[in-house]
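Shown next, in structure tokens, is the structure this report addresses.
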There are 2 protein chains.
Amino acid sequence: MNAEPPLWRTIHAALARDLAEGAFPPGTPLPAERTLAARFGCAIGTVRRAVDELVAARALVRRQGRGTFVPDLGGDAAAADRTQFYFFHIARADGLRETPRTEMLDFASPLPCPEEHAGPLGLAPGAPMHRAQNLQHLQERPVMVEELWLPESLFPGLDAAGFAGREGTVYGLFQRRFGISVLRTEERLRAEAAAPDIAALLGLPPAHPVLRIRRVAYAIGDRPVELRLSWADTRAHEYFNRLD
Amino acid sequence: MNAEPPLWRTIHAALARDLAEGAFPPGTPLPAERTLAARFGCAIGTVRRAVDELVAARALVRRQGRGTFVPDLGGDAAAADRTQFYFFHIARADGLRETPRTEMLDFASPLPCPEEHAGPLGLAPGAPMHRAQNLQHLQERPVMVEELWLPESLFPGLDAAGFAGREGTVYGLFQRRFGISVLRTEERLRAEAAAPDIAALLGLPPAHPVLRIRRVAYAIGDRPVELRLSWADTRAHEYFNRLD
DNA sequence: TTCGATTTGTTCGTATGTATT
DNA sequence: TAATACATACGAACAAATCGA
């Protein structure tokens, strides 16, 4: 008849809503599974099923003996590295993945949202945005130019000093300062001839082929929070993608 | 002391081994969960946990009321489409994903394994291989040149007629005829200037930037089974990648 | 160092619901 | 309709990891 959703799915949705609201800051554990089971009036196995889904979606991590946590994207060096390598896909042609060094080139705000960025971010054209430009280095050589577009409404008060002075990754900053946990991204890649400014920054001959990446980053609830354009020099590096 | 693995992991390994040997052909169900539980001498929940892992890895699919199956990569049109879109990442710039039309350009066998392909495939340089060349069309326009390298030892007797005359996808052919289920791939992308032959096939100006993709496909047990080089025209199309 | 409390991880068994044949 | 198979939900017991007294 009605086909109501399974109980574990209802609980999953309730937890996801709480997570989206930042109800559980990273570093402090969620209520224990028994506690949640009592709160939802269900068996512990049902809670576990709901949490399993959130763990699979990288929204939560479990630690035996300690509790269940929102992943800390910038906790220690190891956590920062995991985040880095999960979202940073440029590797040396021989397969080695190194941690890049980031050099900030520019930070401008507010800028009106360009027409072509409004749709993917769910914004009105002209909405106020921050724009940051970075140069990523591997082995002290520039390999990728990045242009980040961030809605001012989601990142209020962010400025050049706050952006450049962060500790850890950009997504760690999103989480710590604005309570935004990036869970997934969509990337579209194409080959194009390098524009003069890009070629100059990367030390490329004019119009040399570069890999252009357009990324949209999403937080819980598939809310788009960032649009990022990148141009990579793929003479000695490649974009690495593993599909499971 | 010893820290033996959990029971469900042992069962998972046993099932994965059986799957790698082709013990369960697509279309016929695995033994029911109760049967497996009895065979392994454990509770049904433990079997479910092991199967859960294989389902997550796309090695199995469950169908309520019917049973658990090895996915049929070329069963009906819908299954073929799912396989297609899981492994075919070229989409129109507006985001629309269409089914490509494949035109075979060449099939050569045996050819000695090139030096640079031997390592990724776990072969000795010079080992006999098949090489197929395809041209992929979207909306009746050529968008990607493909070069497939297949170890003869894994695909014995494959020839041009068998390759071109297949029904459905290439990976469906691998599975039906050779019992090889491709589960995951690794791809490395770079931008480069189109070689003359590539440019001619794609209708590009000489040395126009193209997206080069180098894919290694893996079956159960992380066994590499195919190396594929592709060159895509990204003037009107893009490589689409969703990271969860 | 030891011990106990807490929390997640594993395994068991059972009952009932839903989809398919 | 009946039988079969997976899906959901419950509850219990013990193991393993963690942390603080």
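Throughout, protein chains are lettered first and strands after them, A, B, ... in sequence-line order, and every chain is numbered starting at 1.
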Which letter, B, S or -, goes with each nucleotide of nucleotides 8-14 of chain D from 5' to 3', with contact meaning a protein heavy atom under 4.0 Å?
BSBS---

With sequence neighbours excluded, what pairs up with [X] under the side-chain hydrogen bond (donor to acceptor under 3.5 Å, both in side chains) test?
X: A/Ser181; answer: A/Gln175
X: A/Arg166; answer: none
X: B/Arg223; answer: none
X: B/Arg242; answer: B/Asp244

Calculate the interatomic distance between [X] atom [atom1] and [N] atom [atom2]; express it in whole Å.
X: A/Arg63; N: D/dT18; atom1: CZ; atom2: P; answer: 10 Å
X: B/Ile11; N: C/dT10; atom1: CD1; atom2: P; answer: 13 Å
X: B/Gln64; N: D/dC6; atom1: CD; atom2: P; answer: 10 Å

Thinking salt bridges, do B/Asp72 and B/Arg176 make one under a 4.0 Å N-O criterion?
no

Applying salt bridge (Lys or Arg N to Asp or Glu O under 4.0 Å), name anything that partners A/Glu152, two or more places apart in sequence or on another chain.
none

Taking donor-acceptor contacts at under 3.5 Å, does the side chain of A/Glu33 reach the base of C/dG9?
no

Pairing check on C/dT1: which nucleotide meets the Watson-Crick or G-U wobble criteria with it, both distances under 3.5 Å?
none

List the residues meeting side chain to side chain contact (heavy atoms under 4.5 Å, CB included) with A/Glu147, not counting sequence neighbours, and say none if there are none.
A/Arg131, A/Gln133, A/Trp149, A/Leu229, A/Trp231

Which residues share a side chain to side chain contact (heavy atoms under 4.5 Å, CB included) with A/Pro100, sequence neighbours left out:
A/Gln84, A/Phe88, A/Gln136, A/Leu138

Sequence neighbours excluded, every pair satisfying ring pair (Phe, Tyr, Trp, His ring centres under 6.0 Å) that has a member inside residues 150-186 of chain B
B/Phe87-B/Tyr171, B/Phe107-B/Phe163, B/Phe155-B/Phe174, B/Phe155-B/Phe178, B/Tyr171-B/Phe174

For the salt bridge (Lys or Arg N to Asp or Glu O under 4.0 Å) test, which of B/Arg228, B/Arg214, B/Arg215 pairs with B/Glu146?
B/Arg228

Sub-3.5 Å pairs of nitrogen or oxygen atoms, protein against nucleotides 19-21 of chain D:
residue, atom, partner, partner atom, Å
D/dC19, OP1, A/Arg66, NE, 3.2

Proximity to DNA chain C (any heavy atom under 4.0 Å), residues of residues 18-31 of chain A only
none

Side-chain N or O of B/Thr68 versus OP1/OP2 of D/dC6: is the shortest distance under 4.0 Å?
yes

Show me, pair by pair, the donor-acceptor contacts under 3.5 angstrom made by side chains of residues 5-30 of chain B, not counting sequence neighbours?
residue, atom, partner, partner atom, Å
B/Thr10, OG1, B/Pro6, O, 3.4
B/Thr28, OG1, B/Pro25, O, 3.1

